[in-house]
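In what follows, chains carry the letters A, B, and so on, assigned in the order in which the sequence lines appear, proteins first and then strands, with residues in each chain numbered from 1.
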There are 2 protein chains.
Amino acid sequence: MQDHFVHVQCGDCPIRHRAVCARCETDELAQLEQIKYYRSFQAGQTIIWSGDRMEFVGSVVSGIASLTQTMEDGRRQMVGLLLPSDFVGRPGRSTAAFDVTATTDVVMCCFRKKPFETLIAETPHIAQRLLEMTLDELDAAREWMLLLGRKTAREKIASLISIIARREAALHKKKSSGQLSVDLPLTREEMADYLGLTLETVSRQISALKKDGVITLEGNRHVSIPDLDRLLEEAGDDTDGGMLV
Amino acid sequence: MQDHFVHVQCGDCPIRHRAVCARCETDELAQLEQIKYYRSFQAGQTIIWSGDRMEFVGSVVSGIASLTQTMEDGRRQMVGLLLPSDFVGRPGRSTAAFDVTATTDVVMCCFRKKPFETLIAETPHIAQRLLEMTLDELDAAREWMLLLGRKTAREKIASLISIIARREAALHKKKSSGQLSVDLPLTREEMADYLGLTLETVSRQISALKKDGVITLEGNRHVSIPDLDRLLEEAGDDTDGGMLV
DNA sequence: CCGTCACTTTGACGCAGATCAACCTTTGGA
DNA sequence: TCCAAAGGTTGATCTGCGTCAAAGTGACGG
């Protein structure tokens with residue numbers, strides 16, 4: 001079934017959209033093209049406020065956005081990290097349930113919500129593809145719940161680094177070329193919001209992992225991983241890291 | 001769109017399945033009937049082991065099942081709570097990613113996976129309905145992540161009680177009849193696994209909420225809620241509890 | 001009727017991570 | 001070139017929850 005679908009490169013998007021897959025031969029592409037437009041956001045800018053009316057759905061073309069929830073007293077938890085090709089929005093619901101914020105500068109490929117919903121209703125493949133993507137996200141959310149509920153600070157940091165490494169590797173489809181290295185796209189505070197920690201604890205645990213030789217730092221943001229298995233062990237992940245390399 | 005779908009009461013199931021919705025007039029129902037069968041599980045029995053081949057998908061007819069993840073050293077986190085009408089399984093994936101366990105005695109209405117997938121491919125409405133359900137689960141998972149990452153033990157307990165109250169209210173479609181009261185379907189240990197706590201902390205916080213008059217206990221499992229707003233306030237939930245009543 | 005077993009409660013104590021605070025490093029703009 | 005602001009590190013202290021331990025409470029079977 002999956003092989004019937006292709007990733008659509010719509011117009012000038014540098015990234016193939018997982019969101020807008022369709023059978024190669026159909027005219028769905030043309031329909032998608034008609035309702036599509038681009039929006040750019042600066043780093044730090046809020047793309048959608050929780051409770052806002054959602055006028056569009058779409059996918060991230062470049063940059064990184066995050067889904068967050070905030071309590072009245074300011075406690076904040078990240079509940080989704082959106083990398084290029086990730087889909088935003090939910091057909092069938094009119095208001096957003098979470099804040100969406102541009103972590104870096106972000107370009108989104110948007111589709112007006114109404115026509116997109118019509119398209120879904122008429123085009124089974126898109127609904128099936130969205131279902132597949134949503135199930136992937138749900139699985140990821142559940143792994144994330146184990147992290148939040150049961151892992152130690154050190155395990156959380158190790159997990160985050162290997163998650164980012166895994167997603168980056170998947171995106172670029174590159175095999176592990178000797179030394180594995182990753183750019184952390186998040187500030188310490190954003191990592192803390194991801195992991196359910198404070199930024200001080202994040203900083204301390206990164207320092208500890210560095211001191212123990214599990215990772216190497218070049219600057220604040222760039223991490224090299226001399227021994228991936230060691231990192232995965234530190235992450236406490238029993239799911240084998242086979243997907244990563 | 002939603003109103004085109006009806007809940008199908010398949011055969012002798014006491015609960016209407018959200019999972020098998022279809023347009024009233026189609027013959028999809030007949031197809032579903034053909035591939036459907038029932039399975040019963042005793043309390044404590046494992047329905048599916050993580051990593052197992054999934055032979056079926058299905059929905060919970062009666063009883064309560066839980067989705068859990070366990071680390072090598074035994075730390076356990078619940079990542080899904082399945083009440084009657086909830087769907088289990090994921091079309092398009094052959095092995096289970098999480099353990100599914102019967103918390104109480106459970107009856108499931110199962111569909112053999114292959115034919116069900118074929119049905120999905122041919123029947124857009126089912127895929128759309130599954131998408132809708134999966135998006136709901138994803139939203140719930142994200143609320144859960146806020147709970148795990150940022151809430152205090154007391155807030156977690158208050159949240160759990162109001163979540164169960166909400167789901168029970170939604171299931172029975174009953175309005176709040178004066179005093180709101182709930183049966184906790186979980187042991188203290190299962191609540192701890194849900195909330196990312198230990199069973200001792202769960203017990204202590206329940207006692208504290210009782211002492212402070214937020215809840216009343218009749219036996220260990222039955223909770224009465226004299227003031228719902230008070231409970232929601234204790235839960236730290238900014239999402240208004242409007243759905244609950 | 002009692003003993004066992006599963007579940008729960010309660011207490012004492014310790015520690016991982018939060019909090020508060022000071023200082024360092026990098027970046028960008030006037 | 002310097003200053004200011006944002007981001008990051010590190011230290012001292014505090015505390016919420018985990019850990020270990022013991023005793024209480026049904027429920028069920030013999």
Self-check item: side-chain hydrogen bond (donor to acceptor under 3.5 Å, both in side chains) partners of residues 205-219 of chain A, not counting sequence neighbours, each pair once
Solution: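 Only A:R154-A:D212, A:E218-A:S224 qualify under side-chain hydrogen bond (donor to acceptor under 3.5 Å, both in side chains).
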
Does [X] come within less than 4.0 Å of [Y], counting only side-chain N to carboxylate O?
{"X": "B:D99", "Y": "B:R76", "value": "no"}
{"X": "B:R230", "Y": "B:E234", "value": "yes"}
{"X": "A:D86", "Y": "A:R167", "value": "yes"}

Practice problem: List in chain and number order the residues that pass side chain to side chain donor-acceptor pair (under 3.5 Å) with B:R39, two or more places apart in sequence or in another chain; answer none if no residue qualifies. | Solution: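 If we apply the side chain to side chain donor-acceptor pair (under 3.5 Å) test to B:R39, skipping adjacent residues, there are no hits.
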
Practice problem: Not counting sequence neighbours, list each pair that qualifies as a ring pair (Phe, Tyr, Trp, His ring centres under 6.0 Å) and has a residue in residues 208-230 of chain B. | Solution: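 Sorted pair list comes back empty.
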
Quiz prompt | ring pair (Phe, Tyr, Trp, His ring centres under 6.0 Å): pairs with one or both residues in residues 181-211 of chain B, sequence neighbours excluded | solution =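 Passing the test, one end in residues 181-211 of chain B: B:W144-B:Y194.
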
Quiz item: B:R75: what forms a salt bridge (charged side-chain N to carboxylate O under 4.0 Å, His left out) with it, not counting sequence neighbours?
Solution: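 If we apply the salt bridge (charged side-chain N to carboxylate O under 4.0 Å, His left out) test to B:R75, skipping adjacent residues, the hits are A:E155, B:D73.
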
Quiz item: Mind checking which nucleotides bracket the chain B contacts on DNA chain C, 5' to 3', with an atom under 4.0 Å from a heavy atom?
Solution: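 In short, chain B contacts DNA chain C from C:dT8 to C:dA12.
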
Quiz item: For the helix from C:dC1-D:dG30 to C:dA30-D:dT1, how many degrees between its two end axes (five pairs per end), to the nearest 10°?
Solution: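 Inter-axis angle at the termini of the helix from C:dC1-D:dG30 to C:dA30-D:dT1: 30°.
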
For nucleotides 22-27 of chain D, print each protein N/O atom paired with a nucleotide N/O atom at under 3.5 Å, atom names and distance only.
none

The criterion is side-chain contact (heavy atoms from CB on, under 4.5 Å); which residues satisfy it with [X], sequence neighbours excluded?
{"X": "A:E137", "value": "B:L138, B:R142"}
{"X": "B:A97", "value": "B:R93"}
{"X": "B:N220", "value": "B:R188"}

Exercise. Measure the SG-CD distance between B:C110 and B:E55 for me, rounded to the nearest 0.5 Å.
Key: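 B:C110 atom SG to B:E55 atom CD measures 11.5 Å (nearest 0.5 Å).
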
Quiz item: If the sugar-phosphate is the primed atoms plus P, OP1 and OP2 and the base is the rest, what is the B/S/- string for nucleotides 3-19 of chain D, using protein heavy atoms under 4.0 Å?
Solution: -----SBBBB----SSB

